[in-house]
Engineer: 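Below: one structure in structure tokens.
Nothing here was measured: the structure is a model prediction, and the numbers come from that model. Atoms considered below: every heavy atom in the structure, side chains included; atoms not considered: hydrogens, waters and symmetry mates. One-based numbering along the sequence shown.
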Amino acid sequence: PNIDRLAREGMRFTQFYNNAVCVPTRASLYTGLYPRYVGESHRIGLTPEMVTIAEILRDSGYGTALSGKWHLGRQPPHHPLDRGFEEYYGLLDGCCNYFNPARRDPPFEGGRIRFWAEGRRQIMEFPEGFYATDAITEHAIASIRRFAADGRPFFVNVSYTAAHSPLHARPEDIDRYRGLYVDGWDVLRKRRWRRQVELGIVDPRWRLPRGEPEFPPWAQEPLAAWNRNLMAVYAAMVDSMDQGIGRILKTLADLGIGERTVVIVLSDNGGCAEQAGGDDPTNVAGPKEHYVSCGAGWAYAQNTPFRRYKAWVHEGGIATPLVVRWPGVTPAGSVSDLVGHVIDFMPTLLEVAGAEYPSTKGGQSTPPLEGRSLMAILRGGARAEAEALYWASLDNRAMREGRWKVVWDQDVARWELYDMVADRTETNDLAGEHADRVRRMAAAWTAWAEETGAIHRI
């Protein structure tokens, strides 16, 4: 209800993109740049000459806080406190036990302890009743209250880990969703597609793709009851996050600053097909003792109406549901189908704050911004489309140029071509009819991959 409220009071984007996986999306969100693959391991990183939105806003007089997941480094100079955030509380890693982040649990990275921190101090003991989503919300609210009391404008990044695996939720939240998913992923996907068409956010001319090879039709699923519980817990985790967003909105209203605050809600990747913990029916989603994720069947339904999942660069991996509420600026209840990307947040927020992107940092030239401001769109207008957008994830590759998108699925190992206006669900591969276009766009992708270092990951 709270995210829905933001949508009613603000603007929804139907063609906004992330980078398919959390780490590269976060790198782009903070820098306004495509991810850079650096070092001998060619891992995504924030290099010294890159400047973050938090650094610029801090230097412009804003209070800056990060509540939740970071996943871009634990130690100086990569810690959030080294990259512009005055305050930090949350998870420096990618995922953890929601009830006890210090619990050493498989199967994540050999069962090593996750790094939950307050500032630079690792927290190893958590009180009874701790739940990560609530703790992130509480720190965000405390930060907002502190900045408001100081009379400072603020940038508070609330980076929930939900609904990332493991699937952990409070029993009272799970109970609201028991029985809701008895019909399975095939029916759920068709139901969601029909609703998307009714809402006008999906073109009814686009065909709904058939199932993916990673899971069976629901009628052939041998662990139906176990799977129903997975999705109920996933929904409960999203519900808990929505409750937290509601508490933050109430805090803004109570402080009398809700009408002067831009609120942005988005996802960092598509639904995830990974099956952490396998399909062991004794590994039950919900309580802290078990580690499990929702798997490909439910990810397929979550990504309706698109193909593939997190880490792939078909639309199911990279399409981001984005809501922006800016009272007095974004037209209430509006929907934009203009194309945007997470690299656009840096120039947008700089324009909101009246801040400038620096030409140097620490004596080094800063890389030029690759994103473009969304301000004209947020005001209800339009902007020229980007010449091209690019993606790389594992050995999945894509480039979008206007209405055309080439995409390379690592499991298929060839370039496909789709018309995003007529067929955004990517059901009609036109590569054979436009071979010259495919060759030209593939060459452009390779040049971009060389420039960013993505080519070294293949």
Engineer: Assess whether a salt bridge exists between R424 and E315, defined as any Lys/Arg side-chain N lying under 4.0 Å from an Asp/Glu carboxylate O.
Structural biologist: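 Yes, charged N to carboxylate O under 4.0 Å.
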
Engineer: Would you kindly say whether T52 and R83 are connected by a side-chain donor-acceptor distance under 3.5 Å?
Structural biologist: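 No, R83 and T52 have no side-chain donor paired with an acceptor closer than 3.5 Å.
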
Engineer: For a quick test of your reading: what N or O donor-acceptor pairs under 3.5 Å do the side chains of residues 335-350 make, sequence neighbours left out?
Structural biologist:
unit_1 : atom_1 : unit_2 : atom_2 : d
S336   : OG     : L338   : N      : 3.2
H341   : ND1    : I343   : N      : 3.1
H341   : NE2    : N19    : OD1    : 3.1
D344   : OD1    : R372   : N      : 2.8
D344   : OD2    : H341   : N      : 3.0
D344   : OD2    : R383   : NH2    : 2.9
T348   : OG1    : D344   : O      : 2.6
T348   : OG1    : L374   : N      : 2.8

Engineer: Is K405 paired with D423 through a side-chain N to carboxylate O contact shorter than 4.0 Å?
Structural biologist: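 Looking at K405 together with D423, the answer is no, because their closest N to O distance does not fall below 4.0 Å.
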
Engineer: Under the 3.5 angstrom rule, does the side chain of N269 hit a backbone N or O of C22 as a donor-acceptor pair?
Structural biologist: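 Between the backbone of C22 and the side chain of N269 there is a qualifying donor-acceptor contact (under 3.5 Å).
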
Engineer: Looking only at side-chain N and O atoms, does D280 offer a donor or acceptor that is under 3.5 Å from a partner on T282?
Structural biologist: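 The answer is yes; a qualifying pair exists.
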
Engineer: Between E86 and R146, does at least one N-O distance fall below 4.0 Å, as a salt bridge requires?
Structural biologist: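 R146 and E86: not salt-bridged.
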
Engineer: Compute whether any side-chain donor of one residue and acceptor of the other, for N18 and D268, lie under 3.5 angstrom apart.
Structural biologist: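 Result is no, nothing qualifies.
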
Engineer: Using only heavy-atom distances, determine whether the side chains of T31 and R36 contain a donor-acceptor pair under 3.5 Å.
Structural biologist: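 No pair is found: no donor N or O on one side chain lies under 3.5 Å from an acceptor on the other.
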
Engineer: Mind checking the CD1-CD spacing from I248 to E138? Nearest 0.5 Å is all I need.
Structural biologist: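 That separation rounds to 10.5 Å.
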
Engineer: Exactly one of Y291, F130, Y234 should register a ring pair (Phe, Tyr, Trp, His ring centres under 6.0 Å) with H168. Which one does?
Structural biologist: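 Among Y291, F130, Y234, the one that satisfies the ring pair (Phe, Tyr, Trp, His ring centres under 6.0 Å) with H168 is Y291.
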
Engineer: Have N396 and W391 got a donor and an acceptor in their side chains that come within less than 3.5 Å?
Structural biologist: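 No pair is found: no donor N or O on one side chain lies under 3.5 Å from an acceptor on the other.
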
Engineer: Given 3.5 Å as the limit, does a donor-acceptor pair link the side chain of R247 with the main chain of L249, or not?
Structural biologist: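 Flag not set: sc R247 to bb L249 has no pair under 3.5 Å.
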
Engineer: Do the side-chain N and O atoms of Y160 and T137 include a donor-acceptor pair separated by under 3.5 angstrom?
Structural biologist: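 Distance-only check passes for Y160 and T137.
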
Engineer: To the nearest 0.5 Å, tell me how far S393 OG sits from K310 NZ.
Structural biologist: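 The distance works out to 9.0 Å.
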
Engineer: Tell me whether the rings of Y34 and Y390 are parallel (<30°), tilted (30 to 60°) or perpendicular (>60°).
Structural biologist: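 Y34 vs Y390 ring planes: perpendicular.
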
Engineer: At what distance, to the nearest 0.5 angstrom, does CG of D203 lie from CE of M420?
Structural biologist: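 That separation rounds to 12.0 Å.
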
Engineer: Just to verify, which of W226, F215, W218 counts as forming a ring pair (Phe, Tyr, Trp, His ring centres under 6.0 Å) with W298?
Structural biologist: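 Result: among W226, F215, W218, W218 is the only option passing the ring pair (Phe, Tyr, Trp, His ring centres under 6.0 Å) with W298.
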
Engineer: Could R176 and D173 be called an ion pair, given the rule that one side-chain N must be under 4.0 Å from one carboxylate O?
Structural biologist: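 Judged by the 4.0 Å cut-off on N to carboxylate O distance, R176 and D173 do form a salt bridge.
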
Engineer: Verify the neighbour count for atom CD of E9: are there more than 12 heavy atoms of other residues, nucleotides or ligands below 6.0 Å?
Structural biologist: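 Enclosed: over 12 neighbouring heavy atoms sit under 6.0 Å from CD of E9.
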
Engineer: Could you walk me through whether E214 and R308 pass salt bridge (charged side-chain N to carboxylate O under 4.0 Å, His left out), step by step?
Structural biologist: CA-CA 10 Å; E214 288 78 20; R308 311 308 273 150; 2.9 Å; yes

